[in-house]
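Here is the naming used below: chain letters follow the sequence lines, and residue numbers restart at 1 for every chain.
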Amino acid sequence: MHPVAYIIMHICPADDIICPRVNTSSCTRPAMPHELNPLEKQRLEKLERLREMGIEPYPNRAERTHTAAEAKAALEAAEAAGEAEAPRVTVAGRLRAIRPMGKITFAHIEDESDRLQLFFQANTLGKERLKLFNKLFDLGDFVQASGYLFRTRTGEITVHVEDFRMLAKAITPLPPAKDEVVDGKVVRHAVLADPETRYRQRYADLAVNPEVRDIFRTRAKIVRALRDFLDERGFLEVETPILQPIYGGAAARPFVTYHNQLKQQLYLRISFELYLKRLLVGMFEKVYEIGRDFRNEGISFKHNPEFTQLEFYWAYADYQKVMALTEEMLAYVADRVLGTRKFTWQGHEIDLNPPWRRVELRQGLKEATGIDIAEHPDAASLAAAMQAQGLHPKPNASRGKLIDQMVGDYLEPTFIQPTFLYDYPRDISPLAKAKPGDPNTVERFEGFIGGMELCNAFTELNDPLDQEARFLEMGRTYAADDEERHPIDEDYLRAMRYGMPPNGGFGMGIDRLTMLFTDKHSIREVILFPHLRERSADGKAATNGSEGKASAPEEGGEA
RNA sequence: GGGCGCGUAGCGCAACGGUAGAGCAGUGGCCUUUUAAGCCAUUGGUUGCAGGUUCGAAUCCUGUCGCGCCCA
């Protein structure tokens with residue numbers, strides 16, 4: 001019996017998706033073998049040898065009495081209690097280091113809790129068993145080992161192995177990622193560092209880079225803390241549709257999909273806002289949702305096509321109350337997650353203690369640019385003023401968009417410490433309520449940290465007639481192909497006509513908050529599987545259509 | 001979308017116009033307290049892809065694919 005030298009990969013004719021081990025008889029295309037590299041072939045041969053010896057390389061059941069951390073604690077406790085007998089443990093994990101030394105072998109396994117050293121001795125196991133381990137067990141394999149705990153000469157807590165077995169054979173070797181301690185600091189060698197491979201094969205990244213696992217533990221803690229904070233204050237967590245017949249609640253282009261049976265076009269939501277506010281009509285007073293939004297827009301270090309958002313709506317509150325709650329909430333989350341309200345982000349010392357700095361948008365822009373937007377009630381006048389100041393107004397932009405541009409260029413980057421920028425122009429805020437006595441300004445704020453927009457909130461518009469007028473106004477303002485032109489959600493207007501209590505609403509990007517708390521510059525570092533451009537299944541050496549294009553001029557020349 | 005940069009062995013890297021290298025990982029051997037264990041030997045590459053310049057290209061040029069950074 002020759003070992004299988006490759007795993008069959010197959011291209012399904014229906015959808016062009018490469019899938020392993022499909023029923024090949026149902027497909028018309030030839031199977032595409034995924035060639036294993038020499039290292040993988042060697043391991044496959046070892047796997048076959050194990051099978052020939054009657055050892056199942058992927059057994060159904062595993063046993064474990066202690067995690068690595070629990071095993072270490074068990075020995076320390078026994079030592080502290082002065083017990084004569086060493087604790088016996090059965091541990092399980094992935095082999096991360098193997099050091100054979102003749103008649104003994106040292107190895108380290110790693111589980112989620114910690115690393116633990118294993119000690120294999122020919123005297124204990126017999127020569128054949130030791131040889132089996134040395135020859136057929138590789139870095140990356142999952143193993144189980146039983147024995148008693150002791151300390152080596154250097155004091156490291158170690159399992160003296162009396163029995164061991166394979167739990168799962170690894171065919172593809174993980175990057176080596178050896179740790180060396182230099183002057184008390186851990187230096188990792190040959191670590192998987194290529195960002196593309198790390199994102200495309202996040203499983204390998206997580207397996208060899210423990211600090212990446214910590215990012216996602218922190219992320220989970222953040223979400224847990226936000227839930228607890230809102231739950232404690234009587235907010236109800238709800239789930240609203242992701243597939244929506246009409247998208248709205250934000251200025252963004254949607255992903256479009258289709259329901260076959262209903263023969264209906266649907267959109268992946270770009271925000272939760274309009275559904276959550278319908279719930280206020282339905283007499284819930286405090287609701288929130290944590291979930292995924294989808295925006296069919298550019299991808300950058302700050303943007304992923306799907307991202308996680310928290311939104312809450314709070315009846316009988318306004319944007320001032322929401323501002324205060326935001327300060328309280330982020331301080332709470334920092335206490336829970338970081339144990340402190342001060343942290344470092346990209347070299348900046350951030351202090352989350354309330355109160356945050358408050359900057360009125362008009363005043364802030366006046367100081368930063370010398371332009372008083374109140375003196376320029378239309379786009380043409382404002383654009384002229386910007387030109388006069390040496391700024392470069394975007395052509396054909398509305399007044400609101402010009403203001404937005406100035407905020408992005410001159411204010412946002414300066415808001416390193418937590419800052420609320422408040423009182424926004426009405427024409428870029430169609431769901432916010434105008435300030436009394438100032439119809440061109442709405443009660444809206446955005447929160448910034450580290451020069452980055454983190455959250456957005458307003459006193460919500462609850463006047464159905466005003467809302468309808470705003471929708472119509474938006475329809476007139478934007479050209480038919482403008483990405484921010486939205487269809488009018490008649491059902492939302494109907495809901496509002498039933499009566500919506502006055503309320504304050506809030507939205508915040510969880511990904512960006514996680515970036516702040518984990519000191520990451522890129523959103524891809526805090527999303528487990530960030531979206532990348534499609535490549536071949538093995539993630540490498542995709543040739544795509546480049547050959548055809550490159551040869552085209554030659555063919556043209558011959559013709 | 002624009003500018004700049006990167007792509008070499010499983011991984012992290014070197015070679016920057018003249019025969020593609022070393023380390024770790026792997027393979028064979030020695031080794032009973034190691035921890036990037038050590039020592040001896042050794043395998044592994046169509047330098048992302050396609051063209052071009054040149055006696056000669058990983059290296060220079062063009063295009064293309066992918067990624068990163070900056071800008072929009």
Side-chain angles (χ1 to χ4, degrees), chain A residues 35-46 95-110 115-125 127 130-131 134-140 150-158 160 170-182 186-201 204-205 207-209 297-303 392 394-395 397 405 408-409 413 521-525 530-536 538-557:
Chain A
E35 285 290 340
L36 295 180
N37 69 41
L39 295 179
E40 292 169 325
K41 284 178 185 164
Q42 277 174 356
R43 288 182 171 216
L44 208 53
E45 282 165 20
K46 291 181 181 183
L95 277 169
R96 294 311 310 278
I98 303 174
R99 295 180 293 279
M101 306 179 56
K103 295 187 177 60
I104 61 168
T105 292
F106 286 96
H108 273 96
I109 58 164
E110 180 177 355
R115 286 192 176 200
L116 184 64
Q117 185 165 254
L118 304 181
F119 177 63
F120 298 79
Q121 191 181 37
N123 289 1
T124 309
L125 294 162
K127 273 189 185 171
L130 183 62
K131 192 176 166 193
N134 286 341
K135 294 295 171 191
L136 299 183
F137 284 54
D138 290 302
L139 296 179
F150 75 110
R151 284 184 191 267
T152 62
R153 273 180 204 166
T154 58
E156 179 165 351
I157 296 174
T158 303
H160 188 117
I171 294 185
T172 304
L174 286 167
K178 287 193 172 188
D179 289 344
E180 181 184 22
V181 179
V182 179
V186 177
V187 179
R188 192 165 311 132
H189 297 271
V191 62
L192 175 63
D194 173 39
E196 185 173 354
T197 310
R198 286 186 50 232
Y199 299 150
R200 288 190 195 277
Q201 303 183 35
D205 183 31
V208 301
N209 293 323
E297 296 178 341
I299 296 175
S300 80
F301 70 97
K302 277 197 289 192
H303 301 89
H392 302 284
K394 285 181 199 162
Q405 180 193 346
D409 289 348
H521 173 67
S522 168
I523 197 169
R524 290 177 169 175
E525 291 292 340
H531 188 80
L532 299 183
R533 224 172 278 267
E534 197 167 20
R535 267 205 153 183
S536 61
D538 61 5
K540 282 244 169 185
T543 49
N544 294 348
S546 60
E547 293 176 35
K549 275 183 186 167
S551 63
E554 270 185 23
E555 288 164 11

Task: Residue Arg533(A), side-chain atoms from C-beta onward, closest of G10(B), G12(B), G66(B) - done: G66(B)
Open item on the list: From CD of Gln405(A) over to P of A72(B), roughly how many Å is that when rounded to an integer?
Closed with: 9 Å
TODO: From the options C70(B), U27(B), U32(B), select the nucleotide whose nearest atom is closest to the side chain of Gln121(A).
DONE: U32(B)
Open item on the list: Taking only the P atom of each, what is the distance from U43(B) to G28(B) in whole angstrom?
Closed with: 14 Å
Open item on the list: Would you call the rings of Phe119(A) and His160(A) parallel, tilted or perpendicular, taking 30° and 60° as the class edges?
Closed with: perpendicular
- [ ] May I ask you to say what His392(A) touches in the nucleic acid, namely base, sugar-phosphate or nothing, with a heavy-atom cut-off under 4.0 Å?
- [x] nothing
Open item on the list: I need the CG-C1' distance between Leu192(A) and C13(B), as an integer number of Å.
Closed with: 14 Å
Task: Separation of C69(B) C1' from Asp194(A) CG (nearest whole Å) - done: 15 Å
Open item on the list: Would you compute the distance between atom CG of Leu95(A) and atom CD1 of Ile109(A) and round it to the nearest 0.5 angstrom?
Closed with: 7.5 Å
- [ ] Identify, between Pro173(A) and Phe150(A), the residue whose nearest nucleotide on RNA chain B lies closer to the 5' end.
- [x] Pro173(A)
- [ ] Return no unless some side-chain N or O of Lys302(A) is found under 4.0 Å from OP1 or OP2 of C69(B).
- [x] no
Open item on the list: If you compare every side-chain N and O of His521(A) against the phosphate oxygens of C70(B) (OP1, OP2), does one of them come in below 4.0 Å?
Closed with: yes
Open item on the list: Nearest to the Pro195(A) side chain among G26(B), C67(B), U32(B), which nucleotide is it?
Closed with: C67(B)
Task: Atom pair distance, as rounded to whole Å: CG in Asn134(A) and C1' in G29(B) - done: 13 Å
- [ ] Would you kindly compare Gly155(A) and Pro175(A) by the position of their nearest RNA chain B nucleotide and give the one closer to the 5′ end?
- [x] Pro175(A)
Task: Candidates C70(B), C67(B), U33(B) - which lies nearest the side chain of Arg153(A) - done: U33(B)
Task: Strand partner of A15(B), provided both Watson-Crick or wobble distances fall under 3.5 Å - done: none
Open item on the list: So Leu532(A), base contact, sugar-phosphate only, or nothing? Heavy-atom distance under 4.0 Å.
Closed with: sugar-phosphate
Task: Under-4.0 Å side-chain N/O to phosphate OP1/OP2 contact, Arg99(A) with U34(B) - done: no
Open item on the list: Work out how far the P atom of A20(B) is from that of C16(B), and round it to whole angstrom.
Closed with: 14 Å
Task: Interatomic distance at P, G44(B) relative to A22(B), whole Å - done: 12 Å
Open item on the list: Measure CD/Glu40(A) against P/U27(B) and give the value in whole Å, please.
Closed with: 14 Å
TODO: Ignoring hydrogens and angles, state whether a donor on the side chain of Arg151(A) or Gln117(A) is under 3.5 Å from an acceptor on the partner side chain.
DONE: no
Open item on the list: Can you identify which nucleotide, out of U33(B), G12(B), U34(B), has its nearest atom closest to the Thr154(A) side chain?
Closed with: U34(B)
TODO: Please give the nucleotide sitting opposite G56(B) as a Watson-Crick or G-U wobble pair, both distances under 3.5 Å, or none.
DONE: none
Open item on the list: If I pick the C1' atom on G23(B) and the same atom on C31(B), what distance separates them, to the nearest angstrom?
Closed with: 22 Å
Open item on the list: Under 4.0 Å from OP1 or OP2 of U27(B): is there any side-chain N or O of Lys135(A) that close?
Closed with: no
- [ ] State the pairing partner of C69(B); accept Watson-Crick or G-U wobble contacts with both distances under 3.5 Å, and report none otherwise.
- [x] G3(B)
Open item on the list: Rounded to whole Å, please give me the gap between CD in Glu196(A) and C1' in C65(B).
Closed with: 10 Å
Open item on the list: Counting the atoms with a prime plus P, OP1 and OP2 as sugar-phosphate, which does Lys394(A) contact under 4.0 Å by heavy atoms, base, sugar-phosphate, or nothing?
Closed with: nothing
Open item on the list: Check this for me, if you would: do Arg115(A) and Glu156(A) make a salt bridge, where the nitrogen-to-carboxylate-oxygen distance has to be below 4.0 angstrom?
Closed with: no
- [ ] Before giving the answer on side chain to side chain donor-acceptor pair (under 3.5 Å), spell out for Glu180(A) and His189(A) the whole-Å C-alpha distance, their side-chain angles and the decisive distance to 0.1 Å.
- [x] CA-CA 8 Å; Glu180(A) 181 184 22; His189(A) 297 271; 2.7 Å; yes
TODO: Please state the P separation for the pair C49(B) and U35(B) - nearest whole angstrom.
DONE: 40 Å
Open item on the list: Is there, by distance only and without an angle test, a donor paired with an acceptor across the side chain of Glu156(A) and the base of U34(B) below 3.5 Å?
Closed with: no
TODO: Have a look at Asn123(A) and say if it touches a base, only the backbone sugar-phosphate, or nothing, with a 4.0 Å heavy-atom cut-off.
DONE: base
- [ ] Just call it for Ala193(A): base, sugar-phosphate, or nothing, with non-hydrogen atoms closer than 4.0 Å on any strand.
- [x] sugar-phosphate
Open item on the list: Using modelled atom types and a 3.5 Å cut-off, is there a donor and acceptor pairing between side-chain atoms of Gln405(A) and backbone atoms of His392(A)?
Closed with: yes
TODO: Just compare U33(B), A37(B), G26(B) and give me whichever is closest to any side-chain atom of Leu39(A).
DONE: G26(B)
Open item on the list: Just the rounded figure in Å: distance from C1' of G10(B) to CD of Gln201(A).
Closed with: 11 Å
Task: Minimum-distance nucleotide to Arg200(A) side chain [options: G26(B), U32(B), G66(B)] - done: G66(B)
- [ ] Identify which nucleotide among C67(B), U33(B), C11(B) has an atom closest to any side-chain atom of Ile104(A), counting heavy atoms from C-beta outward.
- [x] U33(B)
TODO: Please confirm whether the backbone N or O of Ala170(A) pairs with a side-chain atom of Arg43(A), one donor and one acceptor, at under 3.5 Å?
DONE: yes
Open item on the list: Taking 4.0 Å as the cut-off, does a side-chain nitrogen or oxygen of Lys46(A) come that near to OP1 or OP2 on U27(B)?
Closed with: yes
Open item on the list: Tell me which nucleotide, if any, is Watson-Crick or G-U wobble paired with G38(B) when both distances must be under 3.5 Å.
Closed with: C30(B)
Open item on the list: Suppose you measure atom P in C40(B) against the same atom in A50(B); what distance do you get, rounded to whole Å?
Closed with: 40 Å
Task: Options U34(B), C69(B), A25(B), nucleotide nearest the side-chain atoms of Met101(A) - done: U34(B)
TODO: Provide the distance between the two P atoms, one in A37(B) and one in U27(B), to the nearest whole Å.
DONE: 15 Å
- [ ] Mind listing the closest non-hydrogen atom pair of Asp138(A) and Lys46(A) along with its distance?
- [x] OD1-NZ, 2.6 Å
Task: Whole-Å distance separating the CZ atom of Phe119(A) from the C1' atom of U33(B) - done: 6 Å
Open item on the list: Can you check the distance between C11(B) and A57(B), where both ends of the measurement are the C1' atom (answer in whole Å)?
Closed with: 27 Å
- [ ] Check every atom of C11(B), G10(B), C24(B) against the side chain of Lys178(A) and return the nucleotide holding the closest atom.
- [x] C24(B)
Task: Polar side-chain atom of Glu40(A) near backbone of Asn37(A) as donor-acceptor pair, under 3.5 Å - done: yes
